[in-house]
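Convention: sequence-line order gives letters A, B, ...; per-chain numbering from 1. This structure is a prediction, so every number in the text was calculated from the model and none was measured.
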There are 2 protein chains.
Amino acid sequence: MTTMSAGSPGGAPRARPTMRQVAALAGVGTKTVSRVINGEPNVSSAMIAKVKQAADSLDYQPDLHAGNLRRADGRTKTLGLLVGSVANPFYGTLHRAVEEAASARGIAVFASSLDDDPDREQGLVSAFLQRRVDGLILTTVTKSQAYLAPELRRGTPLVFIDREPAGIEADAVVSDNAAGSALATRHLLEHGHRRIAYLGDLDSIQTARERRRGFLEELGRAGVATRDIPVVVDLHDEVAANRAVLALLDSTDPPTALFTSQNLVTIGAITALRARALQNRVALVGFDDISLADLLTPGITVIAQNPQRIGELAAERLLARLDGDRTPTHSYVVPTELIARGSGEIGPHA
Amino acid sequence: MTTMSAGSPGGAPRARPTMRQVAALAGVGTKTVSRVINGEPNVSSAMIAKVKQAADSLDYQPDLHAGNLRRADGRTKTLGLLVGSVANPFYGTLHRAVEEAASARGIAVFASSLDDDPDREQGLVSAFLQRRVDGLILTTVTKSQAYLAPELRRGTPLVFIDREPAGIEADAVVSDNAAGSALATRHLLEHGHRRIAYLGDLDSIQTARERRRGFLEELGRAGVATRDIPVVVDLHDEVAANRAVLALLDSTDPPTALFTSQNLVTIGAITALRARALQNRVALVGFDDISLADLLTPGITVIAQNPQRIGELAAERLLARLDGDRTPTHSYVVPTELIARGSGEIGPHA
DNA sequence: AATATCACTGACATCGTTGTCAGGGAGTTT
DNA sequence: AAACTCCCTGACAACGATGTCAGTGATATT
């Protein structure tokens, strides 16, 4: 008869071995096992071999959290990453860059999506803190992040990404939203456009406001009266953007160029232009790169952000803080880049 | 004078409060604090108020891992997700679905990328196990996952995604690769094609082999001799695919249709077709959906997988196992879907 | 009035590991 | 030969929490 159990197929579920069991099997004290597992010096090679064999035969995996409880530095070798959505390729790329830097130091990454929900943000932060992450890289949607001040004082490094923190002083890594928008605007101006429509995301989003500001300021610098410039905001998805662009195109004095301040808005604009067969007549520059934008006809000119660089930099700052860097907090600005592909180089048509 | 310190800006870094400190401040025993924090019954409301106030004033966050050490069920409310790359939108969507199901139960998700590296796979699994994840959802690249057998016997639920496990019996959630390929092939056959080229990913990848098998079997069923059918494999990136397609198009007897078995291969094929101005003459069906595929001309017909469904199902199975489900392991097959957008409906041109 | 019941509270051991410290034995020095 | 190193090793307390259990009063029961 074999042992019966309610366990998984393949046999009785053996309990997870502890260090004590490894020690018993090897006939040594637990502290010696601890030394071998952690590669501490001053253990005889005979001892090392004996312990390793015992550990292997039991398939022993040390419990990092139990160790941490006692360990001096209290590091969990874990960090939390809070982004808009892990399904968003922008954050996916950023996440990858963070993971790369973290895993090089044996740090595992918790990733969560906050989905524009302030309550969710607080809940997720709390969940991370209860798991004692060594640091936090986060995008935020709450009005103020003052609730994080005690944690920051405790020495948990915080690096804000995409949006700067409010109500608290901490490192941040952001794209140059205003400058990128200005660049797009100047590009369209240089191609002769004077009637450029702005299509923006929810005005409650800080980066969206920055992009709008960059657009309007650049028009101002060029001496273009902003009074009659169509500025549509609070477009958060493709459908809304499509509708807004159609309305503009069908108006009595349609714009000769469009500047769309975000991914989905750009796509909505593309479909609207096509619906009116104007994709080769009305210029378009979008903020955020779009995959396969160069395979479309015309190719879509964009202001590309650099999510990889943002992730790298955020991770680099976080790790530096963990290593004891006490320099004043700073906002790092990652430059954006204009990629001309055709749609932004269309001239104004009468 | 304010207190000086080497800490973060804003004051001395106060130590993280423990339950004992909350208890001391509230003038009660630690166990009572524990009861209040965990919402256990039989605590007077006066006591609850006193403890809560003390906890709030110290900004107390319980240490989940310390609690776990003693807690009966030993659950960390944490799970590990191992995918090809978190930067890949396919896995991003899948990750999101897993996160959704997990967070509904207060479970946090570790996500890591294995990048086709078997050593990395083992290292990451080990890192997860040392952090005592409650379960693992994973794509694998090792030849055999027998090394996970002890863990499985210990009762840690494992759900394999994208590829079925080898050398071990566990739940799996996969796309119907062969059936999807057959569907694509039948579609092209029905549009009159007989000379269809197959362009596949690395043959070392199980799913790639499955897709090739589906293609060839469907041709067999249709009575098409597969001897002269061009089958090119081991194309892992856009550049290689582009080159392979150009070679086919320039050959003496070029195919009238292409079936590309993966994302990047499809894109390489598109650029190749365009380079020869054949995008409206040679049919194309790709495995994996491509973003904006409907905005291209022609639109790209694809066999779309359903990463969201895969993630949902994997999470659902994992949670069910955690809840004590002891039914035999099973491979769940998530259907693929043909999305006709134009490129696959081009007829054979002499 | 004595006893049983119940809600409430805290002392204590314990979870799996590591820091501290003391002790044993081999080799070196005087 | 005594004293001193130095290398190895393990007993023990402690990390921050929870499970167990016993004890206190107040209320209900006989």
Side-chain angles (χ1 to χ4, degrees), chain A residues 14-52 54-55 58-78 126-127 129-134 154, chain B residues 14-52 54-55 58-78 129-134 154:
Chain A
R14 287 179 247 311
R16 191 185 300 283
T18 67
M19 194 172 266
R20 186 140 70 236
Q21 293 170 39
V22 175
L25 180 61
V28 303
T30 56
K31 181 63 218 199
T32 298
V33 176
S34 173
R35 278 194 264 263
V36 173
I37 296 292
N38 294 291
E40 284 174 39
N42 298 334
V43 185
S44 71
S45 50
M47 207 40 105
I48 293 180
K50 200 161 55 169
V51 169
K52 279 205 165 138
L58 292 178
D59 194 51
Y60 171 72
Q61 294 270 11
D63 184 322
L64 202 59
H65 295 127
N68 243 69
L69 204 51
R70 191 65 174 88
R71 210 185 303 274
D73 65 4
R75 294 280 165 82
T76 54
K77 291 194 159 273
T78 293
S126 185
L129 294 180
Q130 292 189 7
R131 288 176 175 80
R132 296 293 186 262
V133 294
D134 294 335
R154 255 169 226 138
Chain B
R14 287 177 245 312
R16 192 187 299 284
T18 68
M19 193 171 265
R20 183 140 73 235
Q21 293 172 38
V22 175
L25 180 60
V28 303
T30 56
K31 181 66 217 197
T32 297
V33 176
S34 172
R35 278 195 264 265
V36 173
I37 295 291
N38 294 291
E40 285 174 40
N42 298 333
V43 184
S44 71
S45 50
M47 204 47 101
I48 293 181
K50 200 161 52 169
V51 170
K52 279 204 165 140
L58 292 178
D59 192 51
Y60 172 71
Q61 294 270 9
D63 184 323
L64 203 59
H65 295 126
N68 245 68
L69 206 51
R70 191 67 173 83
R71 208 185 303 273
D73 65 4
R75 295 279 166 83
T76 54
K77 291 196 161 273
T78 293
L129 294 180
Q130 292 188 6
R131 288 174 176 81
R132 296 296 187 261
V133 294
D134 293 335
R154 254 167 227 141

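If you take CZ of R16(A) and P of dC15(C), they are 16 Å apart, rounded to a whole angstrom. Atom CD of Q21(B) is separated from atom P of dG16(D) by 8 Å (rounded to the nearest Å). Remark: C1' of dC15(C) and CG of N68(B) are 10 Å apart, rounded to the nearest angstrom. To the nearest angstrom, C1' of dT14(C) lies 19 Å from NE2 of H65(A). Note: CG (D73(B)) to C1' (dG19(D)) measures 12 Å, nearest angstrom. Counting to the nearest Å, the P atom of dA17(D) and the CG atom of L64(B) are 10 Å from each other. Across the protein-nucleic acid pair, D63(B) atom CG and dT17(C) atom C1' stand 14 Å apart, rounded to whole Å.
Positionally, the nearest nucleotide of DNA chain C for S45(B) lies more toward the 5' end than for the other of S45(B) and L69(B).
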Distance-only criterion, 3.5 Å: show the donor-acceptor pairs between side-chain atoms of residues 25-32 of chain B and protein atoms not counting sequence neighbours.
none

Let me check something: any side-chain donor-acceptor pairs from residues 16-24 of chain A under 3.5 Å, sequence neighbours excluded? List them with distances.
residue	atom	partner	partner atom	Å
R16(A)	NH1	E151(B)	OE2	2.9
R16(A)	NH2	E151(B)	OE2	3.3
T18(A)	OG1	R20(A)	N	3.3
T18(A)	OG1	Q21(A)	N	3.3

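Within 3.5 Å, no donor on the side chain of R70(A) pairs with an acceptor on the base of dT17(C), nor the reverse.
Listed by first and then second residue, the salt bridge (charged side-chain N to carboxylate O under 4.0 Å, His left out) pairs that reach into residues 59-73 of chain B are R132(A)-D63(B), R154(A)-D59(B), sequence neighbours excluded. Note on residues 40-50 of chain B: no pairs pass side-chain hydrogen bond (donor to acceptor under 3.5 Å, both in side chains), not counting sequence neighbours.
When the nucleotides dG16(D), dT17(C), dT9(C) are ranked by their closest atom to the side chain of A66(B), dG16(D) comes out on top. When the nucleotides dA11(D), dA11(C), dA17(D) are ranked by their closest atom to the side chain of K31(B), dA11(C) comes out on top.
Side-chain contact annotation: R131(A) with T78(A), donor-acceptor N/O pair under 3.5 Å absent.
Axis deviation across the helix from dA1(C)-dT30(D) to dT30(C)-dA1(D) amounts to 50°, comparing end segments of five pairs, rounded to 10 degrees.
Remark: Y60(A) OH to K52(A) NZ distance equals 14.0 Å, nearest 0.5 Å.
Sorted by residue number, the members of residues 32-44 of chain A with any non-hydrogen atom under 4.0 Å from DNA chain D read T32(A), R35(A), N42(A), V43(A), S44(A).
Taking 4.0 angstrom as the limit, Y60(B) places none of its side-chain polar atoms (N or O) nearer than this to OP1 or OP2 of dG16(D).
R35(B) meets the side-chain hydrogen bond (donor to acceptor under 3.5 Å, both in side chains) test with no other residue; sequence neighbours excluded. Among residues two or more places apart in sequence or in another chain, the side-chain hydrogen bond (donor to acceptor under 3.5 Å, both in side chains) test is passed with D134(A) by T76(A).
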Detail all sub-3.5 Å separations between protein N/O atoms and N/O atoms belonging to nucleotides 23-27 of chain D.
none

